[in-house]
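Note that the coordinates shown come from a computational prediction; the quantities given were computed from them, not determined experimentally. First the proteins, then the strands, lettered A, B, ... as listed; each starts at 1.
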Amino acid sequence: MSQKPRDRLSRVKTGASSRYSGAIEESESLRLSQAVHEAAVSWYHRAARDLPWRRQDCSAWGVLVSETMLQQTPVARVLPRWEEWMRRWPTPHETAKAPVAEILTVWDRLGYPRRALRLQQTAAAIVEHHDGQVPSTRDELRALPGVGEYTAAAVACFAFGVPEVVVDTNIRRVHTRVFSGHALPGKTYTAQQRRLAHDVFPDPEHDCGQFACAWNIAVMELGALVCTARAPQCGACPVAELCTWRRAGFPPPTEEQKPRGQAWAGTDRQVRGALMAALRCGPAQRSVLIASLPLPAADLDQRHRCLESLLTDGLAEQRGDQVALPGVLR
DNA sequence: AAGCCGGGGCT
DNA sequence: AGCCCAGGCTT
């Protein structure tokens with residue numbers, strides 16, 4: 001299937017009341033969710049950021065690359081890396097052919113470089129199993145390496161207009177506040193939260209799913225720009241008057257809901273990151289590489305263990321005493 | 001269900 | 001200097 005233009009979200013009209021065909025006797029909660037739909041989608045058309053992967057001429061591959069990068073990294077850091085990636089490898093075919101070392105170098109410091117590897121593996125799978133075209137269904141997307149429940153739904157929806165229920169942590173947080181009245185959604189994605197997301201989802205039949213897709217992106221943007229985790233800007237929120245959390249007087253998060261801080265200094269992740277940063281500069285002698293990391297404490301056991309894990313992950317290669325990004329050494 | 005996996009910007 | 005962040009995969 002060819003990649004469709006993606007201007008449908010911006011063409012959705014708001015304010016029509018015939019959108020909910022099945023509503024014979026509207027319950028109070030359905031009425032609430034409908035009011036939230038209208039306010040959120042209307043706000044999105046006014047306030048959304050102009051991001052390159054949202055433009056109508058962006059390919060489905062561009063959407064998949066952006067969603068993969070955005071899984072762990074803020075928009076501001078993704079933007080230049082996405083532009084460079086798409087300039088060099090604008091299709092799955094070209095991505096699949098690229099040298100692994102270049103893939104990892106362009107990924108740069110986006111973090112979790114195993115995802116760059118999986119993105120290239122996904123490109124290869126698309127070439128092999130889907131004739132080079134990004135598949136458009138949730139199940140086909142879900143089968144690709146590195147594509148989980150969120151990314152599969154997001155690409156189906158944002159690249160192809162399929163009205164799948166998209167749930168990321170921004171969306172979970174907005175749902176929890178607006179509809180459940182809690183400050184934060186908690187650490188794990190529960191079956192109850194999945195049910196809530198489906199319960200408040202607009203009728204996917206209406207409008208060929210355009211409005212449902214607009215709802216997904218609108219709630220995600222609302223969570224990113226206004227209904228943020230730490231300092232929500234309720235004064236700028238289009239659904240403030242409807243928000244259950246606000247009407248309940250902003251009850252604070254329970255201990256269970258508070259996020260657990262992740263240690264950084266001294267962790268394997270920091271050491272692996274420093275090793276990858278050094279390897280991106282070029283091949284090195286193993287002992288020199290290990291000794292030259294710009295890290296305070298020198299735990300040689302940990303450094304060797306982390307390098308071994310990079311070799312195991314396919315993020316680095318060793319020949320003799322030389323270490324480099326994959327494919328660099330003969 | 002819980003832990004691992006980067007890195008940088010904000011307070 | 002500390003705090004915060006987020007999806008996929010493995011166990």
Side-chain angles (χ1 to χ4, degrees), chain A residues 63-81 104-122 125 138 141-155 157-158 164-176 183-194 197 216 219-221 223-225 227-233 253 256-280 293-296 302 305-316:
Chain A
V63 174
L64 178 51
V65 172
S66 78
E67 289 300 343
T68 302
M69 291 179 168
L70 288 165
Q71 280 169 7
Q72 74 273 359
T73 309
V75 165
R77 243 191 298 166
V78 164
L79 272 169
R81 299 297 90 215
L104 293 171
T105 301
V106 170
W107 190 262
D108 196 37
R109 296 177 165 238
L110 288 182
Y112 302 117
R114 292 191 294 195
R115 294 173 188 231
L117 251 35
R118 293 196 189 112
L119 186 54
Q120 188 179 35
Q121 291 159 5
T122 273
R138 187 178 52 81
L141 288 160
R142 183 65 183 77
L144 298 169
V147 177
E149 182 174 337
Y150 161 75
T151 304
V155 172
C157 183
F158 303 146
E164 298 288 352
V165 178
V166 176
V167 183
D168 71 347
T169 58
N170 280 327
I171 290 176
R172 284 206 295 139
R173 185 174 58 253
V174 175
H175 286 173
T176 297
L184 292 171
K187 294 144 195 149
T188 56
Y189 183 32
T190 64
Q192 279 177 335
Q193 289 173 7
R194 182 182 281 102
N216 281 330
V219 175
M220 200 177 308
E221 190 77 340
L225 296 184
C227 194
T228 54
R230 254 205 301 186
Q233 299 164 50
E256 191 65 34
Q257 291 164 353
K258 287 182 183 172
R260 286 211 330 266
Q262 236 185 20
W264 169 241
T267 61
D268 284 4
R269 293 192 333 284
Q270 185 188 32
V271 175
R272 284 168 55 103
L275 286 166
M276 288 300 294
L279 290 173
R280 270 187 242 112
L293 295 186
L295 295 174
Q302 183 188 30
R305 179 161 42 77
C306 287
L307 180 52
E308 288 304 321
S309 74
L310 293 179
L311 296 168
T312 300
D313 288 347
L315 289 164

In this structure, how many angstroms lie between the P atom of C:dA6 and the CZ atom of A:Arg172, rounded? 10 Å
Just N and O in the side chain of A:Arg109: are any of them under 4.0 Å from OP1 or OP2 of B:dG8? yes
Can you check the A:Leu110 CG to B:dG8 C1' distance for me, whole Å? 11 Å
Could I get a table of every N or O pair under 3.5 Å where one atom is in the protein and the other is in nucleotides 1-3 of chain B?
unit_1, atom_1, unit_2, atom_2, d
B:dG3, OP2, A:Arg260, NH2, 3.4

Pick the P atom in B:dG6 and in C:dG2, then give their distance to the nearest Å. 23 Å
Under 4.0 Å between any heavy atoms, over every strand shown, what does A:Arg81 touch: base, sugar-phosphate, or nothing? Just pick one. nothing
How long is the line joining CE of A:Met276 and C1' of B:dG8, in whole Å? 18 Å
Residues forming a salt bridge (Lys or Arg N to Asp or Glu O under 4.0 Å) with A:Arg114, sequence neighbours excluded: A:Asp313
What's the spacing between A:Gln302 CD and A:Arg305 CZ if we round to 0.5 Å? 5.5 Å
A:Tyr150 near the nucleic acid: base, sugar-phosphate alone, or nothing, with a heavy-atom cut-off under 4.0 Å? sugar-phosphate
Would a distance-only check, ignoring hydrogens and angles, find a side-chain to backbone donor-acceptor pair under 3.5 Å from A:Ser309 to A:Cys306? yes
Quick one about A:Gln71 and A:Thr151 (side-chain donor to acceptor, distance below 3.5 Å, no hydrogens or angles considered), yes or no? yes
Using a heavy-atom cut-off of under 4.0 Å over every strand shown, decide if A:Glu67 touches base, sugar-phosphate, or nothing. nothing
Just call it for A:Asp313: base, sugar-phosphate, or nothing, with non-hydrogen atoms closer than 4.0 Å on any strand. nothing
Does A:Arg142 use its side chain to pair, donor to acceptor, with the backbone of A:Val147 at less than 3.5 Å? yes
To the nearest angstrom, how far is A:Arg142 atom CZ from C:dC9 atom P? 6 Å
Which nucleotide sits closest to the side chain of A:Gln72: B:dG6, C:dC5, B:dG7? B:dG6
CZ of A:Arg77 versus C1' of B:dG6: gap in Å, rounded? 8 Å
In whole angstrom, what separates A:Gln71's CD from B:dC5's P? 17 Å
A:Gly148 or A:Leu184: which one's nearest nucleotide on DNA chain C is closer to the 5' end? A:Leu184
Using the P atom as the point on both nucleotides, what is the distance between C:dA6 and B:dT11, in whole Å? 15 Å
Donor-acceptor side-chain pairing of A:Glu67 and A:Tyr150 below 3.5 angstrom: yes
Residue list, side chain to side chain contact (heavy atoms under 4.5 Å, CB included) with A:Ala143, at least two apart or on another chain: none
Taking only the side-chain heavy atoms of A:Arg269 (C-beta and beyond), determine which of C:dA6, B:dG6, C:dC9 contains the nearest atom. B:dG6
Give a yes/no on whether any side-chain N or O of A:Arg272 is located under 4.0 angstrom from OP1 or OP2 of B:dG6. yes
Using a 4.0 Å heavy-atom cut-off, does A:Pro113 contact any base of the nucleic acid, only the sugar-phosphate backbone, or nothing at all? sugar-phosphate
Expressed as a whole number of angstroms, how long is the span from A:Asp108:CG to B:dG6:C1'? 12 Å
Check whether any side-chain nitrogen or oxygen of A:Thr151 sits under 4.0 Å from OP1 or OP2 of C:dG8, and answer yes or no. yes
Classify the nucleic acid contact of A:Ala76 as base, sugar-phosphate or nothing, counting any heavy atom under 4.0 Å across all strands shown. nothing
Between P on C:dA6 and CZ on A:Arg230, what's the gap in Å once rounded to a whole number? 11 Å
Non-hydrogen side-chain atoms of A:Val167 and A:Tyr189 separated by less than 4.5 Å: yes
